[in-house]
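Below, all heavy atoms of this structure are taken into account, side chains as well, without hydrogens, waters or symmetry copies. Every chain is numbered from 1, with letters handed out A, B, ... down the list of sequences.
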Amino acid sequence: MNPLLEQFLSEARDGLQDIGEKLMQLENAPADAGLMNELFRLVHTLKGNSGLFDFPEMTRVLHAGEDLMDAVRNGQAAYSRKLADRLLDAMDFIGMLCDEIEADGVTGAAHASVSVHLVKGLRQLMARDEVAGIAERHLAAGITDDTSAIPAAETAASLAASLAADLPLATIPEPARLEAYRRASAGEPLHWLLYTPSEQCFYQGDDPFFLARQTPELLWGGIEARTPWPPLADLDAYCCVLDIHLLSAAPRILLEEQYRYVADQMTLTPVSRFALVLPQGDANGGPVYDDFVSDARNLLAAGDLAGLARNAGTMLELSSPDLWIASALRWLRLVLETEPENRVVLDALVDSLSSLNAPDWTAVLAGWVEPRATHPADPPPGHDHRPLTAAPIESIHEDRPRVDESQVSGDDGVRSVLPILTTAEAEALAAILASQREILALTDTPTWLPGRLKAAAAVLSACLRVSGATDARPALERATATALAENTGAALLAWLDGQFSSSTSSDTRAKEEASTAPVAIAADPPQPWPQPEAESEVKFGRRAEDAIAGPKSLKVDQAKIDRLMNLIGEMVVAKNALPYLAGRAETVFGVRELSRDIKGHHAVINRIAEEMQDAIMQVRMMPVSFVFQRFPRLVRDISRKLGKEVNLVLEGEDTEADKNIIEALGDPLMHIVRNSLDHGIESPEIRRAAGKPAAGTLLLRAAQESDRVVIQIRDDGKGIDPETIKRKAYAKGLIDEATLERISDQEAVNLVFAAGFSTAEQVSDLSGRGVGMDVVRTAVEKVNGTVALTSERGRGTHLSLSVPLSMAVTNVMIVVSDGQLFGVPMDSVVETVRVPRAAIRTIKRSLATVLRGRIVPLKSINALLGLAAPPRSNADDELAVLVVRLGDESVGLLVDDFRETLDIILKPMTGVLSGIPAYAGSALMGDGSVLMVLNVREIL
Amino acid sequence: MAIEYKKNLAVFHDVVSVEEAEALLEWLQTKRTAKVDLTDCVHLHPANLQVLMAAKPAIQAWPTDAGLSAWLESALVAR
Amino acid sequence: MKRVLIVDDAATVRLYHREILEAAHFAVEEAMNGIEGLEKALQSPFDLYLVDINMPKLDGYGFLRELRGQDLPQAPAIMISTEAESNDEQRAYVAGANLYLVKPVKPDRLLTQVRLLLGDTHP
């Protein structure tokens, strides 16, 4: 991608983010002129940038946004929630285009209609006169926002298209098809729409059926299962497997608008009205029709359509309505009524009555042209408007002044080449002179007038130079001095008129005509471009120093940081080999001094490696705002959808944590926030009735606590009812009756984290089926985090997520069992104790001991890992017990011995080993061996 | 409740939302001869519709809302 | 080498103009708003200024007024606007611009104007 486009996309993304934020802020302070101006400027900048490229849809939408914001800041349009909605929609669209540009380098032409729709929406919000003014301007600029759809031409081609698409038109009941035909023959377009909602759409709050029912100009719609239904026991009600198809008489553009959010799940096929002429019914029985057919042919030949209609009516009365023939007659009657002049179609229908086969319209209509005036099918609106493209820089040099070879005299004569103006230059010069004339004619006397006069004089001097009239310079200098002394542009203006009025227009034109006879520089020596070189070089030297203060931040590709991360990981491992080496130097080779030296160097390298590791961690740190920033918009959209009022308060957005941790927080936070909005915060009426403020408050607060980041999510909603939870948990078999009796309220509330806990009350179109909380817990635990939930009925719910600042380095304790080394993450280690064998009891075939007055169950790590060896005791017959935390409980692991603790870079298990949950991962040790790190939660 | 369950009959009222689908499915799983009365129904979330399509209970009455009725017939009347 | 200062809050527009000017061997510096532009100009004046109108802190008009009010060698300034502001040409001249161009300015056109304003038709 070229750097300019890259810059554009990056700036556009930042701009969109800012626009979103400003709009949110405006919601709370709708009269803030500063914000309004800022918003205008952001949209304005974005539009200006997009104008450098050929992205007509983007520029069009941004242009409308800019005009709207301009109207708002000038008080010509009012700020409203609707306005914010539409602007946000427009910005989402721009964001989507940016994604597309990034992926493909271009925007798809398919967006034209969406952009037109957005533009229309934005322009509607402007005051009438403002719109008129802008519309005029746009007309001048060749922009048309005309959305008035033109009906698609009904041609043999569109018939072929609808036949080729093999649409199940026969499934549409005849009355609907008759109606569709009637409207199509009146000029309305017909479209077959197939909408295939995604399987997950219910979880996204979609109601595809509702969307389909709202289809404009709906004639008929049907719903089908995508696949045969499974047995009822296996049915997932929330996995959408429905296909929706329908027939509409709305123009394509309106249909695209209706389905714009699911455009990828929808296909449109134009339908010829003739494709609908499908007589259906029992082909046998009924009166004899031969007479009718021959009569009908005669009547048609005689042009007696009324007679034919009468006959058809009589026949219909005689026939059972379920017969094929009756159906064909109804079609005949319709065509007689709607387009009696259409002889080809009438003939074909009469023929089909005799053959008892539906007319073959492809053959009938071959070469037939629609009698009505035809329109081009759905012209892409506004496509003639193409902003100037950013031309490749390489092409700039094309428009060079032509150098007349004859004027170049020898090697040293190059510099005497005389200035000749190209046509473009002559025009530009005229424009510049006209501007200076206007400047000098200004009669105001601001404080900066001398500067303005000097600048104009400098320009005039340049003009003299390029037109080769440097002999006039003394006069210009005199005029400048006079102008400055009089503090008015009059003297310069007079000079300008004297010097150029006769020359500019006529003279330069004369020069163009006689471009082979260039004007010579008469007086001044033929110096290269007059600025003294020495001075400018000195200046430049100084400037180079000034420019050293470069940008203070760098954008670095994530892959580069990851590489650094891996390298430091290897470094830490390599460094760990040194003590081992020192040991060998002493024990194997007996050189104690070398061993000491190695240990000394190890200490130094160790310190540097630790600092380096820390520095790299710092680079990976990201502020929490990265995940927080999406919530204002999300909360706003959802709460409005639910008809609730919610104040979102964000705190501690600057708190930083490792990029992976921050990213892992995104989904759980989203789920929690949705739950709060959905089930926590009540509707304004209920809140008022409960004596609470109508608007609920949702607080998201991040803070660092030692080496962890704690994120709290607090709402003042209705809270969780422990009784309900208990009953549900019991009903789901998650707890037994005994537990039901003695469980505390807090414990009950925590049951929402249990896998499989799903209550009907938790279902909504927003947060799905209450699948939330166990997923949240799993996601947080994946990054070594914890979740705590407290709730007070009627007062609100409070969730607290605690995650490590970084997950790159794990501190593990090394234990030995059955001759093997294992790592246990220090996070879960409570203490290490040696317990005399005598102090170990057997309770119901389980081992346990008493530590500080509490019973701690004991498990042998060998047994847990399937190793046959019994735990070994030391010389005093004590067993090594590693006490680990498991949720709120402690469990003692019987191991053979403890070793040191170690910082390791934990590598997740890969390949076939990744399926073994007993291990959290592995790490390379200093001596090259591999340490398996246990996943304590899994093995217990 | 938008769905009222009476012995073997489920009566749909007003707008039947997505939340109802799970209970409806559970109910239909236990009733072999279930019947459905849609008279007062004005809209139902397609999750419910899916359940009806898969379970094929007898439709005792179609919605009075003609538009909805046409849609539902396309989905629920065996062709 | 002639020095040009681009004063514009849009990084994309700055880059666009920078590429055009650098390809024609101008020394280009950038400022993100009027204040920054003024600071740079005061440090060492430029041979030409390319000025956007709508900018935070100090807009293009303000920048030009301040610039023209300084005791500096006064170099030509081009005000670059968008069509939404096209009635503001006179306002630009009052503030001290020497030329008023409408975005997006085609590369060759921009170069022609810049060269002429610097009294130079040759690269």
Side-chain angles (χ1 to χ4, degrees), chain A residues 3-4 7-8 11 38 41 44-45 47-49 51-52 66-67 70 137 141 387-388 390-391 393 395-401 419 421 424-425 428-429 431-432 435-436 438-439 442 444 446-448 451-452 454-456 458-459 461-466 529-530 536 539-540 542-543 546-547, chain C residues 1-3 9-13 15-16 19-20 23-24 27 29 40 43-44 47 52 54-56 64-77 82-84 89-90 93-100 103-109 111-113 115-123:
Chain A
L4 187 64
Q7 171 65 53
F8 167 70
E11 195 174 11
E38 183 72 0
R41 204 180 50 71
H44 169 79
T45 299
K47 189 214 98 191
N49 286 351
L52 296 173
E66 181 193 22
D67 286 342
D70 197 29
R137 243 153 59 203
L388 298 167
I393 302 300
S395 68
I396 290 167
H397 300 284
E398 283 164 14
D399 192 22
R400 283 276 154 278
L421 298 183
E425 282 170 344
L429 181 63
I432 289 171
S435 295
Q436 306 321 302
E438 205 170 318
I439 292 163
L442 292 170
D444 62 333
T447 50
W448 62 88
R452 196 166 82 189
K454 282 184 204 160
V459 171
S461 169
C463 292
L464 279 183
R465 223 145 51 217
V466 294
W529 324 109
S536 82
K539 273 188 188 167
F540 195 65
R542 197 174 63 221
R543 280 164 209 142
D546 298 342
Chain C
M1 227 172 9
K2 293 286 171 70
R3 296 173 64 239
D9 60 330
T12 308
V13 175
L15 182 62
Y16 175 72
E19 286 189 345
I20 294 169
E29 285 191 39
K40 295 213 168 185
Q43 269 173 27
S44 69
D47 298 306
D52 181 36
N54 210 306
M55 290 182 288
L64 284 172
R65 281 195 295 266
E66 292 291 331
L67 179 75
R68 296 305 184 214
Q70 301 297 325
D71 186 17
L72 290 172
Q74 293 293 343
T82 62
E83 69 266 57
E89 186 165 350
Q90 193 180 3
Y93 293 146
V94 168
N98 295 94
L99 195 60
Y100 185 89
K103 264 187 239 181
V105 188
K106 274 195 189 164
D108 49 356
R109 182 149 168 259
L111 281 179
T112 304
Q113 305 278 18
R115 289 205 181 101
L116 286 173
L117 284 172
L118 292 171
D120 185 354
T121 54
H122 292 246

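Note that CD of C:Gln113 is 9.5 Å distant from CG of A:Leu429, once rounded to the nearest 0.5 Å.
The parts of C:Leu117 that come within reach of chain A are both its backbone and its side chain, each placing non-hydrogen atoms under 4.5 angstrom from that chain. Both the backbone and the side chain of C:Ala11 come within contact range of chain A, each with at least one heavy atom under 4.5 Å from a heavy atom of that chain. Contacts of C:Ala97 with chain A are made by backbone atoms alone, with heavy-atom separations under 4.5 Å and no side-chain atom involved. For A:Ile432, the parts lying near chain C are the backbone and the side chain together; criterion is any non-hydrogen pair under 4.5 Å.
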Worked verdict on C:Thr12 versus A:Glu11 for side chain to side chain donor-acceptor pair (under 3.5 Å): CA-CA 7 Å; C:Thr12 308; A:Glu11 195 174 11; 2.6 Å; yes
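With sequence neighbours left out, C:Glu66 forms a side-chain contact (heavy atoms from CB on, under 4.5 Å) with C:Leu38, C:Leu58, C:Gln70. With sequence neighbours left out, A:Arg452 forms a side chain to side chain donor-acceptor pair (under 3.5 Å) with A:Asp444.
Interface summary for chain A: among C:Ala75, C:Ala10, C:Gly69, C:Ala95, the most heavy-atom pairs under 4.5 angstrom belong to C:Ala10. Considering only heavy-atom pairs separated by less than 4.5 Å from chain C, the leading option among A:Lys454, A:Glu438, A:Arg41 is A:Arg41. Ranked by heavy-atom pairs shorter than 4.5 Å toward chain A, the options C:Val13, C:Asn98, C:Leu15, C:Asp9 are led by C:Asn98.
Under a 3.5 Å cut-off, the side chain of A:Trp448 and the backbone N or O of C:Leu64 do not form any donor-acceptor pair. C:Arg68 contributes no side-chain N or O that, together with a main-chain N or O of A:Ala455, makes up a donor-acceptor pair within less than 3.5 Å.
Of the N and O atoms on the side chains of A:Ser435 and C:Tyr93, at least one donor lies less than 3.5 Å from an acceptor on the other residue.
By the 4.5 Å heavy-atom criterion applied to side chains, A:Pro446 and C:Arg65 are not counted as neighbours. The shortest side-chain heavy-atom distance between A:Leu442 and C:Gln90 falls under the 4.5 Å cut-off.
A:Ala462 and C:Gly119 get closest at one heavy-atom pair: CB-N, 3.2 Å. Scanning all heavy atoms of the two residues, the minimum distance from C:Leu118 to A:Arg465 falls at O-NH2, 2.8 Å.
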